[in-house]
Amino acid sequence: MDLNNKDIILTGFMGTGKTVVGQKLAKLLNREFMDTDHEVEKAAGKSVAAIFAEQGEDSFRQQETAVMEGLRRYPRGSLIIATGGGAVLREENRRVFRERGTVVLLTAPAEEIFRRVVHSDRPLLKTGNARERIAELLQQRDSIYRKAADITVKTEKKTPEKIAREIINSLPLTNKNTPLQG
Ligand code: S3P
């Protein structure tokens, strides 16, 4: 296995740091960074929150899958991809994950996730009690995340830099032939 023709796909629940760790990895490995939520927003011309509010979750999921499938335009191995926390739920998206490369699951305890996202604009946490909603969604999704993942990294009490280095160190040896700086 050679990382040079494999992307790194970051998955995990909201608030586990996929975007910030992905940016760090992209810098360390000199790859292009892609954030699927951001790509959906760019294509739609509105925020994820606005898409949920105006068009509903199903429409958001379709747009997210269109973005995932659009990744096939890029040479495999050129990208670090941060996915939205629910992208893993659809088989079409998981197929793209598998095609593109190594799937890295970032995890954090529910209480830590709550602290990280409580003041954010996450549409799925708008209804009811956010703490309960997080616990419920984590329970529904945990086995799906774990089944899709090649590597799992705990993020609690670690900096994005440390998490990124831990991911790089977990990749197969030939993956590390880009000198690490910065
Ligand atoms: C979602 C996670 C969000 C975003 C959307 C739905 C989810 O992304 O895609 O609000 O279903 O978990 P982040 O994981 O980047 O917050």
Side-chain angles (χ1 to χ4, degrees), residues 7-26 32-71 79-97 100 102-149 151-156 158-160 163-164 167:
D7 292 348
I8 297 174
I9 300 110
L10 294 161
T11 177
F13 204 77
M14 297 171 241
T16 51
K18 300 178 294 286
T19 299
V20 61
V21 170
Q23 286 166 336
K24 196 44 106 185
L25 274 172
E32 188 173 344
F33 174 67
M34 191 74 67
D35 181 301
T36 63
D37 281 342
H38 183 63
E39 294 303 308
V40 168
E41 291 182 330
K42 261 196 333 203
K46 53 178 120 163
S47 67
V48 169
I51 297 172
F52 267 72
E54 293 164 22
Q55 298 164 253
E57 181 173 354
D58 282 354
S59 173
F60 170 76
R61 297 293 173 207
Q62 277 165 26
Q63 295 175 55
E64 183 175 53
T65 295
V67 163
M68 293 294 313
E69 293 186 336
L71 294 174
L79 299 178
I80 307 295
I81 305 162
T83 63
V88 74
L89 302 175
R90 279 195 166 196
E91 172 53 25
E92 304 97 290
N93 300 343
R94 292 196 298 266
R95 196 174 312 130
V96 178
F97 286 17
R100 300 289 313 187
T102 306
V103 181
V104 179
L105 170 63
L106 301 184
T107 66
E111 194 52 33
E112 174 67 21
I113 288 174
F114 174 74
R115 272 196 297 276
R116 292 183 193 172
V117 301
V118 66
H119 297 300
S120 74
D121 200 15
R122 303 302 207 285
L124 285 179
L125 305 178
K126 288 271 167 257
T127 50
N129 176 311
R131 200 179 247 121
E132 283 170 13
R133 190 86 179 104
I134 290 168
E136 181 186 43
L137 287 170
L138 272 173
Q139 212 212 342
Q140 282 168 16
R141 292 178 177 182
D142 191 61
S143 64
I144 305 172
Y145 283 132
R146 289 184 193 274
K147 214 165 145 207
I151 294 167
T152 300
V153 177
K154 294 182 180 171
T155 63
E156 201 185 18
K158 293 176 189 165
T159 62
I163 298 163
I167 292 168

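Keep in mind that this is a model prediction, so the values were computed, not measured. Atoms within a ligand are numbered from 1 in the order they appear, just like the ligands themselves.
At the top of the distance list for atom 2 (C) of ligand 1, counting protein heavy atoms only, stands Gly85 N, 3.3 Å. The shortest contact between atom 5 (C) of ligand 1 and any protein heavy atom is with Val48 CG1, 3.8 Å. Nearest non-hydrogen protein atom to atom 7 (C) of ligand 1 is Gly86 N, 3.3 Å. Shortest contact from atom 8 (O) of ligand 1 to any protein heavy atom: Asp37 OD2, 2.7 Å.
Comparing Arg61, Arg116, Arg122, Met14 against atom 6 (C) of ligand 1, the shortest heavy-atom distance belongs to Arg61. Looking at Lys18, Arg141, His38, it is Lys18 that brings a heavy atom closest to atom 14 (O) of ligand 1.
The side-chain contact (heavy atoms from CB on, under 4.5 Å) test applied to Gln63 returns Val40, Ala44, Ile51, Gln55, Ser59, not counting sequence neighbours.
For the side-chain hydrogen bond (donor to acceptor under 3.5 Å, both in side chains) with Asn93, the lone residue among Thr65, Thr83, Thr11 that qualifies is Thr65.
Ion pairing between a basic and an acidic side chain is recognised when a charged N comes within 4.0 Å of a carboxylate O; Lys154 and Glu156 show no such pairing. Using a cut-off of 4.0 Å between Lys/Arg side-chain N and Asp/Glu carboxylate O, Lys46 and Glu54 are scored as salt-bridged.
Between the Arg94 side chain and the Leu89 main chain, a donor and an acceptor come within less than 3.5 Å of each other.
No part of Thr19 comes within 4.0 Å of ligand 1, judged by heavy-atom distances.
Near Pro123, the atoms of ligand 1 lying under 4.0 angstrom from a non-hydrogen atom of the residue are 10 (O).
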